[in-house]
Amino acid sequence: SVTFNVLLHGFCKQGRVEEATSLLEEMSGNGFSPNRVTFNTLINGFCKAGEASKAAELLEKMGAEGFEPDVITYNTLISGLCRNGKSQEARRLLDEMVSSDCVPDLVTYNSLINVMCKEGKVEEARELFNELTSKGYEPDIYTHNIILHGLCRCDKVDAAAELFGEMLAKGCVPDIVTYNVLIDSFCREGRLNRAMQLLREMENKGCHPDFITYNTLIDGLCKKERVQEAEELFGEMNDRGIMPTVITYNSLIDGRCNVGRIEEATELIDEMFLKGLVPDKVTYNCILKAFCKVGNIQKATDIIQMMIHNGWDPDVVTYGTLIYGLCRSGRYEPAIKILRSMPMKGMLPEAVAYNPILRGLCMRQRTREAMALYTEMLEQGVAPT
RNA sequence: CUUUUUCUUCCGGAA
């Protein structure tokens, strides 16, 4: 059954949880009995696929088949529920975990610290981090990376630098994630040269950059409109045999678009297909935005068609962008029409979708229509920004 | 054999 669990894990890692589930059912019919690891694997699979409720159902089923959840089960669900925005349920599970004498381990604490950071409660996270030692746990590389990332993301760069120093002093060796976090942080601060320097530093320390390192730097350079340097780095990445991902291309595409190289950006889509990479919604949304900005509604519509043709449903961002584009071209009626069609596609327009229309109407002395639309927006329960 | 950390479009947060 170890072999079978490995197989299930493989399916889950590829996001094919449904297939994993049916495979399990099939095997159960043939007399195979799942163990705790089997359940843990599937619970994790559902969590990662964004189906937290199905994961919770599996917990029930697991109990019904006589398996008590263990630390790993709880850890998986706690982080999974939080990722899916169900932190109150996670809280409940944590209590259940403690009351059922299942002792939280370092992984549990790392998850909790991470959630606190993601919720913007970095101070609270730091407190828990400091309490770890007295609880008998030594913060590991995960703990440090989580806190470092949390501090960087809320611009507490000095605190982050200090922690990094402490980390080194304690003999905790920075790993590739640590470097990636720091490089990203430098990029966001606009200190691109420092970020590039860190890339070379990590190599000297024997830590080899991976695709995330390059993606981070390429995106950072693109955001600063240093697209040519980003392209050079992209070349370096290829030379070293590090395969680009969809995210690499999305960054480059967005970068080229933002410096007005829309045609060249579009060419990258073809290149992606040649490399076996499948452009995603983000890819199309980037190009769409570029055409909208220059008021080319025809090309904008074309790209949406291409997106649909390749099997992607336009999302809120797509619609928001198109509405923005139509407004820029003064075409308010079609913009409003699209806005109104959104609920039929199962999407509730947010304020972002209304804003360009409202702004445009106001600037064109069509305040009355703007007010009517604004009232309508409030009636739909959309919060103004 | 299973659980925790890092990268892309829109928005938000802060001002």
Side-chain angles (χ1 to χ4, degrees), chain A residues 1-10 12-13 35-45 47-48 69-80 82-83 104-115 117-120 139-150 152-155 175-185 187-188 210-220 222-223 244-255 257-258 279-290 315-324 350-353 355 383 385:
Chain A
S1 73
V2 173
T3 326
F4 185 65
N5 288 340
V6 175
L7 184 62
L8 286 184
H9 184 223
C12 290
K13 235 169 42 183
N35 60 17
R36 214 199 310 263
V37 176
T38 318
F39 282 106
N40 289 344
T41 306
L42 285 176
I43 287 174
N44 183 40
C47 287
K48 292 273 160 74
D70 63 0
V71 215
I72 296 190
T73 320
Y74 283 117
N75 288 344
T76 308
L77 274 164
I78 288 172
S79 68
C82 291
R83 235 198 319 272
D105 63 4
L106 187 56
V107 173
T108 321
Y109 285 109
N110 286 344
S111 302
L112 294 176
I113 291 173
N114 186 39
V115 175
C117 289
K118 291 274 147 75
E119 289 175 345
D140 64 0
I141 186 71
Y142 279 82
T143 328
H144 286 97
N145 288 341
I146 290 166
I147 291 279
L148 262 184
H149 182 235
C152 289
R153 278 304 170 97
C154 61
D155 298 324
D175 67 359
I176 183 146
V177 175
T178 319
Y179 284 110
N180 288 346
V181 167
L182 292 175
I183 287 174
D184 184 48
S185 165
C187 287
R188 283 172 199 274
D210 64 358
F211 66 96
I212 295 188
T213 319
Y214 278 98
N215 285 354
T216 306
L217 281 161
I218 286 171
D219 186 64
C222 285
K223 289 247 154 59
T245 65
V246 175
I247 294 185
T248 323
Y249 276 98
N250 287 348
S251 293
L252 281 171
I253 287 173
D254 196 46
C257 284
N258 289 334
D280 64 7
K281 288 189 194 193
V282 176
T283 320
Y284 297 108
N285 285 340
C286 288
I287 300 202
L288 173 65
K289 179 184 62 182
D315 62 8
V316 247
V317 179
T318 316
Y319 282 102
T321 308
L322 182 60
I323 289 171
Y324 155 85
E350 291 165 26
V352 240
N355 287 344
T385 54

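Letters A, B, ... are given to chains in the order of the sequence lines, protein chains preceding strands, and every chain is numbered from 1. Keep in mind it's a predicted model, so treat the numbers as computed, not measured.
Comparing B:U4, B:U6, B:U8 against the side chain of A:Val107 picks out B:U4 as the nearest. Residue A:Arg153 places its side chain closer to B:C7 than to any other of B:U6, B:C7, B:C10. Checking B:U5, B:U4, B:U2 against every side-chain atom of A:Ser79, the shortest atom distance belongs to B:U4. Comparing B:U5, B:U2, B:U8 by their nearest atom to the side chain of A:Arg83 picks out B:U5. In the set B:C1, B:C7, B:U9, B:C7 carries the atom at the smallest distance from any side-chain atom of A:Thr216. When each of B:U4, B:U6, B:C7 is scored by its nearest atom to the side-chain atoms of A:Ser111, the top-ranked nucleotide is B:U4. When the nucleotides B:U9, B:C1, B:U5 are ranked by their closest atom to the side chain of A:Val2, B:C1 comes out on top. Relative to the side chain of A:Val352, the nucleotides B:C10, B:U6, B:U4 differ in distance, and B:C10 lies closest.
Of all heavy-atom pairs between A:Leu288 and A:Leu322, the closest is CD2-N, 4.4 Å. Here the closest non-hydrogen pair linking A:Leu8 and A:Thr38 is CD1-CG2, 3.5 Å. A:Cys257 approaches A:Cys286 most closely through the heavy-atom pair SG-O, 4.0 Å.
Nucleotide B:U2 holds its C1' atom 12 Å from the CG atom of A:Leu77, rounded to whole Å. Put simply, CG on A:Leu322 is 16 Å from P on B:C10, counting in whole angstrom units. One atom, CD1 of A:Ile247, and another, P of B:U6, lie 12 Å apart when rounded to the nearest Å. Going from atom NZ of A:Lys281 over to atom C1' of B:U9 covers 12 Å, rounded to whole Å. Atoms CD1 (A:Ile218) and P (B:C7) sit 15 Å apart, rounded to a whole Å. Distance, A:Asn40 CG to B:U3 P: 9 Å, rounded to whole Å. Regarding A:Phe4, its CZ atom lies at a distance of 14 Å from the C1' atom of B:U2, rounded to whole Å. Protein atom NE2 of A:His144 is 16 Å distant from nucleotide atom P of B:U6, rounded to whole Å.
OP1 or OP2 of B:U8 has not a single side-chain nitrogen or oxygen of A:Lys289 nearer than 4.0 Å. Between A:Asn44 and B:U3, a side-chain N or O to OP1/OP2 separation shorter than 4.0 Å is present.
Remark: ring of A:Tyr142 stacked against base of B:U4; centroid gap under 5.5 Å, plane tilt under 30°.
Residues passing the side chain to side chain contact (heavy atoms under 4.5 Å, CB included) test with A:Asn40 are A:Arg36, A:Met62, A:Asp70, A:Ile72, A:Thr73, sequence neighbours excluded.
Using a 4.0 Å heavy-atom distance criterion, A:Thr321 is classed as making no nucleic acid contact. Within 4.0 Å of A:Val177, counting heavy atoms only, lies at least one base atom of the nucleic acid. Residue A:Ile212 is classed as a base contact, given a heavy-atom separation below 4.0 Å to a base. As judged by a 4.0 angstrom heavy-atom cut-off over every strand, A:Lys48 is placed among residues touching the sugar-phosphate backbone only.
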Apply side-chain contact (heavy atoms from CB on, under 4.5 Å) to residues A:Glu350 and A:Thr385 and explain how you reach the verdict.
CA-CA 10 Å; A:Glu350 291 165 26; A:Thr385 54; over 6 Å; no
From CA spacing to verdict: side-chain contact (heavy atoms from CB on, under 4.5 Å), A:Asn145, A:His149:
CA-CA 6 Å; A:Asn145 288 341; A:His149 182 235; over 6 Å; no
